[in-house]
Amino acid sequence: MKIGVVGLGFVGLSLTSVLSSKGYDVVGIDIDKEKCKKIITGISPFFEPELEKGLKKGLKKKLKISDNFSLINSCDFIFVTVGTPQNMNGSIDLSIIKKAISTIGQSLKKNKKKPIIFVKSTVIPGTMKKIILPILEKKSNKKAGKDFGLISNPEFLQESSAIRDTKFPHVVVLGDYQTKFMKKAKIFFMKLHPNVPIIITNHETAEMIKYANNSFLATKISFINQLSNICQKIPGANIDDIAKTIGLDPRIGKLFLDAGPGYGGSCLPKDMKALINFANISGINTTLLNAVEEVNTKQLEQIISLTKQKLGNLASKKITILGTAFKPDTDDIRDSIAIELIKKLLKMKAKIIIHDPKAIENTKKVFGDKINYAKTVRDALSKSQCVIIMTQWKQYKKLNNNEFKYMEKKIVIDCRRMLIEKQLDVDYLAIGLGKE
Ligand SMILES: NC(=O)c1ccc[n+]([C@@H]2O[C@H](COP(=O)([O-])OP(=O)(O)OC[C@H]3O[C@@H](n4cnc5c(N)ncnc54)[C@H](O)[C@@H]3O)[C@@H](O)[C@H]2O)c1
């Protein structure tokens with residue numbers, strides 16, 4: 001069996017790394033030639049724990065990486081993992097996936113097998129039937145369900161644990177009719193992920209499951225963030241104890257209850273916007289989802305207001321930002337709240353210096369020489385008038401008076417409550433902590 005993966009980003013390259021290291025005959029395709037060149041040498045174009053290990057193992061076995069689409073002609077399974085970003089108005093931008101599907105359609109013409117195309121990219125309900133299927137049939141001159149299979153297979157991995165999530169997903173969702181292709185797909189996934197529930201449903205439901213998943217996670221985050229704002233007004237209240245306790249209730253669950261600067265990253269913000277846009281066009285008033293977004297936006301204002309509370313006018317104030325990646329163990333800064341915060345602080349003419357263990361290069365692409373970059377936390381804190389901890393990198397937990405003594409003003413705004421238990425000789429403010 002030969003497997004093609006089209007789009008070697010976080011999702012596609014993680015899948016490629018896992019399948020090829022297990023010995024599957026995989027060909028990974030990306031239109032980005034430079035990216036392909038890097039991957040061929042066993043180097044990942046982005047930071048993701050454990051990814052390179054599997055990639056190197058795969059390359060020693062049968063893995064091929066290329067920008068040449070003709071290599072998918074001989075594939076039995078083709079996974080589509082290209083990006084589905086957002087338009088300016090928040091709606092989903094399908095131009096990348098349409099292009100990729102068009103090329104796959106042309107290659108289907110020459111494929112003597114009857115392959116199954118799995119769409120892992122997140123797409124709004126109706127996309128598979130109304131857009132992807134017609135493009136594939138037109139370009140290939142073949143019929144879906146007869147000459148090739150087309151299955152929605154949404155992905156639930158999280159960056160920073162992408163390899164573990166790809167190896168051990170909590171669920172496999174397969175959307176299509178009950179055809180011979182579905183039978184084949186089910187056997188493949190049962191072997192790949194024994195004991196993992198496989199949900200077989202139709203395309204639209206599979207597409208909607210992904211949005212249900214992400215919008216629920218965003219809702220949990222905004223819920224706890226709103227509560228954290230209330231806690232800040234209650235002297236002595238601590239949002240972490242509250243989150244930990246309610247998380248013990250199995251009806252609630254403990255994950256995604258970490259109060260902080262708001263949700264960011266390449267998925268939750270764009271998927272929320274796409275769902276709201278889709279629902280509104282369908283005539284649904286998304287009161288709850290709008291509120292989730294509003295709370296998220298206001299969380300950033302909260303941080304700015306705490307900073308102003310301590311520093312007054314921010315013009316020319318030296319502010320340190322610790323962490324620009326949207327979460328620890330990744331270098332991804334797409335829709336990172338820290339990046340939004342820096343943009344706003346720059347508008348207020350603050351002087352910014354940042355530190356991040358992995359995301360400096362990506363941050364430089366956004367800000368160039370408009371801000372300063374520090375190699376060490378100590379350098380980042382030196383002569384600073386306020387530090388804002390944005391990303392929960394483990395090393396920030398070790399910060400102590402020794403590091404803070406280099407600051408001009410020892411003001412610490414801890415958006416993750418990482419230093420809450422330390423005896424610090426600083427003016428300490430934290431999201432979700434009621435000052436006594
Ligand atoms: N990143 C995540 O955490 C995550 C999790 C679950 C689902 N998803 C969804 O999976 C999809 C992919 O996300 P990602 O973060 O991996 O994207 P990404 O932007 O990191 O990677 C997409 C890759 O596709 C390549 N590409 C673009 N057009 C192509 C074409 N015509 N042919 C071949 N390759 C092409 C790009 O060069 C890029 O390498 C999105 O729909 C996303 O919403 C992402």
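Just follow the structure's listing: the first ligand is 1, and inside any ligand the first atom is 1.
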query: Of all the atoms in ligand 1, which lie at a distance below 4.0 Å from a heavy atom belonging to Ile96?
result: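 Those of ligand 1 that fall under 4.0 Å from Ile96 are 27 (C), 28 (N).
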Heavy-atom distances under 4.0 Å decide this one: backbone, side chain, both or neither, for [X] against ligand 1?
X      : answer
Phe69  : side chain
Ile31  : both
Ala100 : both
Leu13  : neither
Lys327 : neither

field: CG on Asp93 to NZ on Lys270, rounded to 0.5 Å
entry: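 Here the rounded value is 10.0 Å.
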- prompt: Hey, what do you get for CG (Asp258) to CD (Gln392), rounding to the nearest 0.5 Å?
  reply: 5.5 Å
Which is closest to [atom] by heavy-atom distance: [options]?
atom                    : options                     : value
atom 43 (O) of ligand 1 : Lys270, Gln86, Glu155       : Lys270
atom 36 (C) of ligand 1 : Asp30, Val80, Leu157        : Asp30
atom 16 (O) of ligand 1 : Thr103, Val11, Ile39        : Val11
atom 3 (O) of ligand 1  : Glu48, Glu34, Glu159        : Glu159
atom 2 (C) of ligand 1  : Cys267, Ser14, Ser121       : Cys267
atom 41 (O) of ligand 1 : Leu15, Asp32, Ile104, Thr84 : Thr84

- request: Could you walk me through whether Phe118 and Phe189 pass ring pair (Phe, Tyr, Trp, His ring centres under 6.0 Å), step by step?
  value: CA-CA 12 Å; Phe118 294 90; Phe189 281 108; 5.8 Å; yes
query: Just checking, Lys142 and Phe148: is the charged tip under 6.0 Å from the six-membered ring centre and within 45° of the axis?
result: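 Checked: cation-pi criterion not met.
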- prompt: When you check the gap from the basic side-chain N to the acidic O, do Glu340 and Lys343 get nearer than 4.0 Å?
  reply: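 Yes, Glu340 and Lys343 are salt-bridged.
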Backbone or side-chain N or O of Lys35 under 3.5 Å from ligand 1 N or O: yes
- request: Could you tell me whether Thr122 and ligand 1 have an N or O pair separated by under 3.5 Å?
  value: yes
- prompt: Non-hydrogen atoms of Gln158 versus ligand 1: any pair closer than 4.0 Å?
  reply: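 Judged by the 4.0 Å heavy-atom criterion, Gln158 does not count as contacting ligand 1.
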task: I would like to know whether Leu51 and Phe46 meet side-chain contact (heavy atoms from CB on, under 4.5 Å); could you show each step before the answer?
output: CA-CA 9 Å; Leu51 194 149; Phe46 49 84; 3.8 Å; yes
query: Would a line drawn from the ring center of Tyr24 to the ring center of Phe188 be shorter than 6.0 Å?
result: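 Yes, close enough.
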